[in-house]
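In what follows, chains carry the letters A, B, and so on, assigned in the order in which the sequence lines appear, proteins first and then strands, with residues in each chain numbered from 1.
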2 protein chains.
Amino acid sequence: MQIGAAAEASGVSAKMIRHYESIGLIANGARRDNGYRDYDQRDVHELRFIRSARDLGFSLEEIRALLDLWRNKARSSRDVHSLAARHLHQIETKITELQAMAQTLRQLLQACHSDERPECPILDGLGGTAIRGVHC
Amino acid sequence: MQIGAAAEASGVSAKMIRHYESIGLIANGARRDNGYRDYDQRDVHELRFIRSARDLGFSLEEIRALLDLWRNKARSSRDVHSLAARHLHQIETKITELQAMAQTLRQLLQACHSDERPECPILDGLGGTAIRGVHC
DNA sequence: CAACACCTTCCCATCATTGGAAGGTCAAGT
DNA sequence: ACTTGACCTTCCAATGATGGGAAGGTGTTG
């Protein structure tokens, strides 16, 4: 299996597969005589693992830890749980921040009459002290 | 007013003020004889505008457009409204994505017994086909 | 005159990903 | 045999917003 097929099968682009290899996230795998990388089903499985974790917003460093746990038969599920819980918390924090931004924006948008006149509470809000305390 | 004082007064770091100037977001302002940048209240006002907009998640390119509207007395509030509404929509989309991630993570966390045993539905979920369709 | 707090420019790092250049390899069609 | 096209290789650079730090100039105070 060449890198293109592995990319297709895993949902990870060939570019990124090479990159993950270069940063040591995945092992320097086998090469054929012509220098082409060679992949099997296990490699694809690992790449799909990475892809799923990325889809869930895990950083590459978090994924590095997850992969260590995945490969380690003697792991404790508590370690995995802890890592995932920490990540969930980060996401929830981010959601809260974004919701605060959205709420402020909605208030500004509602105050704006949105016509051809230049008066604009949105710009006034940004320029004035009205938004003080948002600090995201 | 030197850059440090302007940074303090606006909440924008000196580093970023120089950067904003270098990318043309703010004008190349006055310099004193010694080469130091010199700021007045209007500059600080503008920097605070930028800071507020960043706090609301606007990108620097969006802020560039907002600043153009801010400076343009002949603007229409509709243009500002449209720009802000588009940005709000982006934020809401992002929130939805993060909520989907959080929901999936919560399900995985709930399925995980979190003890010293190696069996772990979280890793199984990431490795298997269980998360297919998340695709954020 | 020394110490210190400021300022200047310039380069580099982050994070995940993409794009492209320059070149090697291989199979199919003419 | 030769060309075309689809692969593959490595290396370099860009994205966006920000921070860190080096090397050096300026200015005030003790």
Side-chain angles (χ1 to χ4, degrees), chain A residues 1-26 28-39 43 47 49-67 87 90-91 94 97-98 101 134-136, chain B residues 1-26 28-40 43 47-67 87 90-91 94 97-98 101 134-136:
Chain A
M1 209 176 193
Q2 295 191 164
I3 197 171
E8 179 74 16
S10 65
V12 178
S13 74
K15 260 325 206 199
M16 292 313 298
I17 295 177
R18 292 193 197 96
H19 179 58
Y20 292 160
E21 185 186 304
S22 83
I23 64 173
L25 192 66
I26 56 180
N28 281 32
R31 298 277 185 138
R32 289 194 218 162
D33 291 347
N34 56 15
Y36 289 12
R37 289 171 180 82
D38 200 8
Y39 298 95
D43 299 321
L47 287 169
F49 181 97
I50 296 174
R51 173 64 204 258
S52 298
R54 290 290 304 132
D55 283 345
L56 287 179
F58 286 97
S59 73
L60 292 188
E61 281 316 300
E62 288 171 323
I63 292 175
R64 196 186 295 274
L66 283 173
L67 281 171
H87 177 58
Q90 288 170 15
I91 289 180
K94 187 73 191 171
E97 288 172 5
L98 288 176
M101 292 187 204
V134 169
H135 286 310
C136 307
Chain B
M1 206 174 194
Q2 295 190 165
I3 198 171
E8 180 74 16
S10 65
V12 178
S13 73
K15 247 352 194 189
M16 291 315 296
I17 296 177
R18 293 193 196 96
H19 179 59
Y20 292 161
E21 185 185 305
S22 82
I23 64 172
L25 192 66
I26 57 180
N28 281 33
R31 298 278 185 138
R32 289 194 217 160
D33 290 348
N34 56 15
Y36 288 13
R37 289 171 181 81
D38 200 8
Y39 299 95
D40 62 13
D43 298 321
L47 287 170
R48 266 190 295 187
F49 181 96
I50 295 173
R51 174 63 206 258
S52 299
R54 290 290 303 132
D55 283 345
L56 287 180
F58 286 97
S59 73
L60 293 188
E61 281 316 300
E62 287 170 325
I63 292 175
R64 196 186 295 272
L66 283 172
L67 281 170
H87 177 57
Q90 287 169 16
I91 289 180
K94 188 72 191 172
E97 287 172 5
L98 289 176
M101 292 187 205
V134 170
H135 286 309
C136 307

Handout entry: 5′-ward residue of the pair A/Y36/A/E21 relative to DNA chain D
Key = A/Y36

Exercise for the section: Measure from the side chain of A/M16, starting at C-beta and using heavy atoms only, and say which of D/dT18, D/dT9, C/dA16 lies closest. Expected result: C/dA16

Exercise for the section: Would you please confirm or rule out a distance under 4.0 Å between OP1 or OP2 of D/dT18 and any side-chain N or O of B/S13? Expected result: no

Handout entry: A/I23 vs A/R64 side-chain heavy atoms within contact, under 4.5 Å
Key = yes

Exercise for the section: Ignoring the backbone of A/L60, work out which of D/dG19, C/dA16, D/dT10 is nearest its side chain. Expected result: C/dA16

Problem - Nearest-Å distance for atom pair CZ/C1', residues A/R18 and D/dC11 - result: 12 Å

Practice task
For the side chain of A/Q2, starting at C-beta, report the closest nucleotide among D/dC7, C/dT9, C/dT17.
Solution key: D/dC7

Problem - Closest contact, heavy atoms only, B/S13 versus B/A7 - result: C-CB, 4.0 Å

Handout entry: Side-chain N,O (B/R54) to OP1/OP2 (D/dT18) below 4.0 Å
Key = yes

Fill in the blank from the handout: Taken to the nearest whole Å, CD1/A/I23 to P/C/dA16 is 7 Å

Handout entry: Any residue of residues 5-12 of chain A with a heavy atom less than 4.0 Å from an atom of DNA chain D
Key = none

Problem - Atom pair distance, as rounded to whole Å: CZ in B/R51 and C1' in D/dA17 - result: 13 Å

Practice task
Can you see which heavy atom on A/L25 is nearest to which on A/L67, and at what distance?
Solution key: O-CD1, 3.7 Å

Exercise for the section: Answer yes or no: is there a side-chain heavy-atom contact under 4.5 Å between A/R51 and A/L47? Expected result: no

Practice task
Respond yes when some side-chain nitrogen or oxygen of A/R31 is under 4.0 Å from OP1 or OP2 of D/dT10, and no when none is.
Solution key: yes

Exercise for the section: Could you state the atom-to-atom distance from CG of A/N34 to P of C/dA27 in whole Å? Expected result: 9 Å

Practice task
Check whether any side-chain heavy atom of B/Q90 sits under 4.5 Å from a side-chain heavy atom of B/E62, and report yes or no.
Solution key: yes

Exercise for the section: Let me know the distance between CG of A/D33 and C1' of D/dT9, rounded to the nearest Å. Expected result: 15 Å

Completion exercise
Closest non-hydrogen contact found for B/D38 with B/D43 is O-OD2, 4.0 Å

Problem - Residue pair B/R37 / B/Q2, side-chain heavy-atom distance below 4.5 Å - result: no

Handout entry: A/Y20 vs C/dA16: side-chain N/O to OP1/OP2 distance below 4.0 Å
Key = no

Practice task
Using whole Å, report how far CD1 of A/I63 lies from C1' of C/dT17.
Solution key: 13 Å

Practice task
For B/L56 and D/dA17, give me the distance from atom CG to atom P, rounded to whole Å.
Solution key: 15 Å

Handout entry: Separation of atom CD in A/E61 from atom C1' in C/dT14, rounded to whole Å
Key = 12 Å

Exercise for the section: Output yes when a side-chain donor or acceptor of A/H87 lies under 3.5 Å from a complementary backbone atom of A/L56, and no otherwise. Expected result: yes

Exercise for the section: In plain terms, say whether A/R18 and A/E21 are close enough for a salt bridge, that is, a side-chain N and a carboxylate O under 4.0 Å apart. Expected result: no

Fill in the blank from the handout: The nucleotide from D/dG19, D/dT9, C/dC7 with an atom nearest the side chain of A/R37 is D/dT9

Completion exercise
In terms of heavy-atom contacts, B/Y20 and B/I50 come closest through CE1-CG2, 3.7 Å

Practice task
Please determine if a side-chain N or O atom of A/S59 lies less than 4.0 Å away from the OP1 or OP2 oxygen of C/dC15.
Solution key: no

Distances under 3.5 Å only, N/O to N/O: pair up the protein atoms with those of nucleotides 20-22 of chain D.
unit_1, atom_1, unit_2, atom_2, d
D/dG20, N7, B/K15, NZ, 3.2
D/dG20, O6, B/K15, NZ, 3.0
D/dG21, O6, B/K15, NZ, 2.2

